[in-house]
Asks: 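Handing you a structure now.
Bear in mind that the values here come from a model prediction, so they are computed numbers and not experimental data. In this chain, residues are counted from 1 in sequence order.
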Amino acid sequence: MTAGVAAAHRKPRQHPLTSGTVRTAAGLALAGAATAAVAGGTAQAAPPPSTAQLRAQVDRYYQEAEEATERYNGAKEKAERAEAGLEGLRDQAARRTERLNAARNALGSYATAQYREGGMPASVQLILSSSPGQYLERASLAHQADSRQAIAVQRYAREVREVQQLRTAAGARLTELKQEQADLARHKHAVEGRLAQARRVLAELPAEERAAVERGDAAGAVRGATAAVRAGRSDPRDGLRDGVQVPTERAARAVAFAYAALGKPYVWGATGPGAFDCSGLTQAAWQAAGVSLPRTTYTQINAGRRVSRSALAPGDLVFFYSGISHVGIYVGGGKMIHAPHPGAPVRIAPVDEMPFAGASRPM
């Protein structure tokens, strides 16, 4: 009995992983892991996006780029105003400083004269004077000079205050300018990032689809309109207005400008004459008609009288997307001329091509 117990104690203990039960479980686990790896590999090898999905991605990136472009345009406009204001303040400060220096020099001359003559008592000046009348005359002149000098001192003090105020204002405007320049750089980076994403997705499209996106879907309409102009029609809007009358002479000039811009490239931030972004085109078109519009889509929509979609007339500005990030100029017949996105030139397109957000009529 004792020997049997001792033998039992001497029997080597099996390692947990060598037991039959555990070996079976480990084998099942490894088999399951292999199956899962195969299944996981199959799941990760998802089918590539379709052409329609890629085009939707490109459209989304272009829209996001345009939103950033309009923010860039707004920041640029504010930076230019801040810079012009800063230059104006600096010019004023320089002029005031010149007057301040002149006043300081005049006061210095007066102080020198006071030092030379002011130490002599009035009684001694009277004794040394050749005549009492001469002394009294000189005293009267001195009093008048003192009065004028007091005015000069007051003017000097005022100039000092105004120069200090101008310098403070210039410092604040410089801070504002730096902030606007930082915003400008940030929005520029956002535009360039979205455009780079769009280019990467475009590279995945078949050549034919890529060309269609880059030139714009309605390139044929652009070629037709351009051919009509070259054929020498008296009015390039004929055949596209569908009988709709342009309401005013100014609107007619704006529409004519838009037609003349057909085929010119889209360049973000551009206002012509060789290239445009969307709000740059509408601003330039109405500027040719003698109407000054603000720079961005979200300010242009409030620059005129709002009109409903059913009341659109040639020359009206039509806006798209919930963020008011795109604009075109209506030319009648349900069509507009707009600068779509990089790679797609200024072209004619249906108004219902994008989500309509509103319209305004510049006055």
Asks: I'd like to know if Arg95 pairs up with Glu98 as an ion pair, taking the criterion as any Lys NZ or Arg NE/NH1/NH2 lying under 4.0 Å from an Asp or Glu carboxylate oxygen.
Replies: no
Asks: If you take all heavy atoms of Ala339 and Val346, which pair is closest and at what distance?
Replies: CB-CG2, 4.1 Å
Asks: Can you tell me how far apart OG (Ser325) and CZ (Arg71) are? Round to the nearest 0.5 Å.
Replies: 9.0 Å
Asks: Which pair of non-hydrogen atoms, one from Ala275 and one from Ala270, has the smallest distance, and what is that distance?
Replies: O-CB, 3.4 Å
Asks: Using distance only, find each side-chain donor-acceptor pair of residues 190-203 under 3.5 Å and give its atom names and separation, not counting sequence neighbours.
Replies:
from, atom 1, to, atom 2, distance (Å)
Arg194, NE, Glu64, OE1, 2.6
Arg194, NH1, Gln197, OE1, 3.2

Asks: Does any non-hydrogen side-chain atom of Arg167 lie less than 4.5 Å from one of Thr97?
Replies: yes
Asks: Could you tell me whether the side chain of Pro206 reaches within less than 4.5 Å of the side chain of Thr51, counting heavy atoms only?
Replies: yes
Asks: With ring centroids as reference points, do His187 and Tyr72 lie under 6.0 angstrom apart?
Replies: no
Asks: Could you walk me through whether Ile337 and Val255 pass side-chain contact (heavy atoms from CB on, under 4.5 Å), step by step?
Replies: CA-CA 9 Å; Ile337 293 176; Val255 169; 5.8 Å; no
Asks: Which atoms form the tightest heavy-atom contact between Arg253 and Ala288, and what is the distance?
Replies: NE-O, 4.0 Å
Asks: Within the 4.5 Å heavy-atom criterion, are Val291 and Met363 side-chain neighbours or not?
Replies: no
Asks: Salt bridge (charged side-chain N to carboxylate O under 4.0 Å, His left out), that's the test. Do Arg347 and Glu353 meet it? Break it down for me.
Replies: CA-CA 12 Å; Arg347 65 182 177 89; Glu353 182 178 72; 3.2 Å; yes
Asks: Atom CG of Leu281 and atom CZ of Phe257: how far apart are they, to the nearest 0.5 Å?
Replies: 7.0 Å
Asks: Out of curiosity, Arg55 CZ to Leu205 CG, how far, rounded to the nearest 0.5 Å?
Replies: 7.5 Å
Asks: Say whether, by atom type as modelled, one donor and one acceptor occur between the side chain of Thr297 and the main chain of Ile324 under 3.5 angstrom.
Replies: yes
Asks: For Gly74 and Tyr298, which heavy atoms make the closest approach, and how far apart are they?
Replies: CA-OH, 3.7 Å
Asks: Report yes if the side chains of Pro314 and Pro247 come closer than 4.5 Å at any heavy-atom pair, otherwise no.
Replies: yes
Asks: Hey, which of Thr299, Ile301, Asn302, Asn73 is the one that makes side-chain contact (heavy atoms from CB on, under 4.5 Å) with Pro294?
Replies: Thr299
Asks: Before you tell me yes or no, could you show the steps for Gln283 and Val327 under side-chain contact (heavy atoms from CB on, under 4.5 Å), namely the whole-Å CA-CA distance, both residues' side-chain angles and the distance that decides it to 0.1 Å?
Replies: CA-CA 10 Å; Gln283 183 188 50; Val327 63; over 6 Å; no
Asks: Taking the side chain as everything from C-beta on, heavy atoms only, tell me whether Gln63 gets closer than 4.5 Å to Phe320.
Replies: no
Asks: Check Lys78, Arg186, Arg81, Arg173 against Glu180 for a salt bridge (Lys or Arg N to Asp or Glu O under 4.0 Å) and give me the one that passes.
Replies: Lys78
Asks: Could you measure the distance from the OH atom of Tyr259 to the CD1 atom of Ile329? Nearest 0.5 Å is fine.
Replies: 10.0 Å
Asks: Is it true that a side-chain atom of Trp268 and a backbone atom of Lys188 form a donor plus acceptor pair closer than 3.5 Å?
Replies: no
Asks: SG of Cys278 to CD of Gln300: how many Å apart, nearest 0.5 Å?
Replies: 8.0 Å
Asks: Could you note down all residue pairs passing salt bridge (Lys or Arg N to Asp or Glu O under 4.0 Å) where residues 272-289 supplies at least one of them, sequence neighbours left out?
Replies: Asp277-Arg295
Asks: Are the side chain of Tyr330 and the backbone N or O of Gly334 linked by a donor-acceptor pair below 3.5 Å?
Replies: yes
Asks: Please step through side chain to side chain donor-acceptor pair (under 3.5 Å) for the pair Ser279 and Glu70, ending with a clear verdict.
Replies: CA-CA 8 Å; Ser279 56; Glu70 291 305 309; 3.0 Å; yes
Asks: Using the ring of each side chain (for Trp, its six-membered ring), is His341 parallel, tilted or perpendicular to Tyr62, with breaks at 30° and 60°?
Replies: parallel
Asks: Among residues two or more places apart or on two chains, list those pairs meeting salt bridge (Lys or Arg N to Asp or Glu O under 4.0 Å) that have a residue in residues 261-273.
Replies: none
Asks: Looking at Leu312 and Ala359, what are the two nearest heavy atoms and their distance?
Replies: CD2-CB, 3.5 Å
Asks: Answer yes if Leu89 and Val163 sit in the same cluster of Ile, Leu, Val, Met, Phe, Trp and Tyr residues linked by side chain heavy atoms under 4.5 Å apart, and no otherwise.
Replies: no
Asks: Check whether any side-chain heavy atom of Arg309 lies under 4.5 Å from a side-chain heavy atom of Asp352, and answer yes or no.
Replies: yes
Asks: Compare all side-chain heavy atoms of Leu317 with those of Trp286 and state whether any distance is below 4.5 angstrom.
Replies: yes
Asks: Can you tell me how far CZ of Phe356 sits from NE2 of His326, rounded to the nearest 0.5 angstrom?
Replies: 12.5 Å
Asks: Quick one: are Leu293 and Pro362 in side-chain contact, heavy atoms under 4.5 Å?
Replies: yes
